[in-house]
Amino acid sequence: MNRPVTKAAPILGTLVLAAVLFLAGSANAMLDGPRWPAPSFPTPKVWINSKPLTLKQLRGKVVLIVFWDYTSINCIRSMPHWERWSRLYGPDGFVLIGFHTPEFGFAKNVSLVKDAVRRFGLTFPVAIDNDGKVWDAFHNPGWPTEYLIDKQGRVVDREMGEGDYELAEG
């Protein structure tokens, strides 16, 4: 079975740069590569650890959108890193939002998702995307995938997969 090739270092490097630029008040400067407006999407009705959030209300903040499923081993291995980023950069205005989009029908059970959030110690906002509308709006290819959004609401990086976090953070 082939595992997707991952590049943890670029997303972390971009995340660190975005956090530094956020603190400096210029998160839109110096980020290389193509940018496109983050897609609009319906706000999910069920949220864990937060009231409902929209990208419009988060304009002016650096946002990391993460698509995940609690049944995915790749996501499970990524969770401690997402939680770390949320705790480390959150006080500076960085927002990480996890969109739980289930791969399997049983993973649509909100109680099971809430239990997983508790078991894995996730404190960042989690939205339940059971109908896949947010996933579709981003044309998301798989789990986990991270989208870094700048202060102007533009996607500046997308990374799919997991791995090499210790190397990237070291």
Side-chain angles (χ1 to χ4, degrees), residues 1-23 26-41 44 49 53 55 58-59 61-90 92-103 107 113 116-117 120-129 132-170:
M1 185 155 129
N2 291 336
R3 191 174 125 191
V5 176
T6 62
K7 300 177 205 166
I11 188 72
L12 181 62
T14 303
L15 182 62
V16 170
L17 177 60
V20 168
L21 292 173
F22 174 82
L23 293 173
S26 59
N28 65 337
M30 297 173 50
L31 291 176
D32 293 330
R35 300 174 192 200
W36 63 93
S40 56
F41 52 84
N49 298 332
L53 300 170
L55 289 180
L58 294 173
R59 185 70 51 97
K61 296 181 182 266
V62 176
V63 178
L64 185 68
I65 301 262
V66 176
F67 287 96
W68 67 286
D69 178 0
Y70 78 88
T71 69
S72 163
I73 189 64
N74 302 88
C75 295
I76 292 168
R77 289 190 293 240
S78 298
M79 288 177 193
H81 306 285
W82 299 331
E83 182 63 24
R84 180 179 178 280
W85 295 340
S86 179
R87 288 179 187 254
L88 184 63
Y89 300 114
D92 297 319
F94 168 78
V95 179
L96 189 151
I97 302 174
F99 284 94
H100 183 271
T101 309
E103 184 174 4
V113 179
V117 167
F120 293 117
L122 305 179
T123 61
F124 53 82
V126 172
I128 306 296
D129 185 34
K133 288 185 178 177
V134 180
W135 173 286
D136 290 343
F138 277 83
H139 304 285
N140 194 54
W143 301 268
T145 303
E146 302 157 347
Y147 294 84
L148 185 64
I149 301 170
D150 70 12
K151 292 170 83 173
Q152 286 71 41
R154 297 172 300 196
V155 176
V156 296
D157 193 25
R158 181 189 86 175
E159 297 294 330
M160 183 177 170
E162 53 89 24
D164 297 329
Y165 294 106
E166 291 77 20
L167 178 64
E169 293 183 57

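What you see below is based on every heavy atom in this structure, not just the backbone, and it leaves out hydrogens, waters and symmetry mates. Quantities reported herein were computed from a predicted structural model and do not represent experimental measurements.
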Treating N49 as the side-chain partner and L122 as the backbone partner, does any N or O pair qualify as donor plus acceptor under 3.5 Å?
yes
Rounded distance (nearest 0.5 Å) linking atom CG of L64 with atom CG of L96
4.5 Å
Mind listing the closest non-hydrogen atom pair of A38 and L55 along with its distance?
CB-CD1, 3.6 Å
Counterpart residues, salt bridge (Lys or Arg N to Asp or Glu O under 4.0 Å), relative to R87 (two or more places apart)
E83
SG on C75 to CZ on F120, rounded to 0.5 Å
10.0 Å
Using 0.5 Å steps for rounding, measure from the CD1 atom of I149 to the CG atom of L58.
9.0 Å
The reported gap from CD1 in I65 to CG in N140 (rounded to nearest 0.5 angstrom) is 10.5 Å
Would you say N74's side chain and E162's backbone share a donor-acceptor pair under 3.5 angstrom?
no
Scan side-chain atoms only and decide if D129 and H100 contain a donor-acceptor pair under the 3.5 Å cut-off.
no
What about Y147 and F99, are their ring centers closer than 6.0 Å?
no
Minimum-distance pair of heavy atoms, taken over all atoms of W135 and P141
CZ2-C, 4.1 Å
Closest approach of M160 to W143 (non-hydrogen atoms, all atoms of both residues)
CE-N, 4.2 Å
When rounded to the nearest 0.5 angstrom, what is the spacing between CD in Q152 and CZ in R59?
8.0 Å
Nearest 0.5 Å, what's the CG-CD distance between L148 and E159?
9.5 Å
Smallest separation among heavy atoms of S86 and F124, with atom names
OG-CB, 3.5 Å
Whether the side chain of T145 engages the backbone of G142 through a donor-acceptor N/O pair (distance < 3.5 Å, no angle test) should be reported.
yes
Could you tell me if the side chain of D150 sits less than 4.5 Å from the side chain of R35, heavy atoms only?
yes
Return the minimal non-hydrogen interatomic distance between I76 and Y70, and the atom names on each side.
CD1-O, 3.4 Å
Is it the case that the ring center of F67 lies less than 6.0 angstrom away from the ring center of F138?
yes
For the side chain to side chain contact (heavy atoms under 4.5 Å, CB included) test, which of V126, T101, V134, L53 pairs with P44?
V134
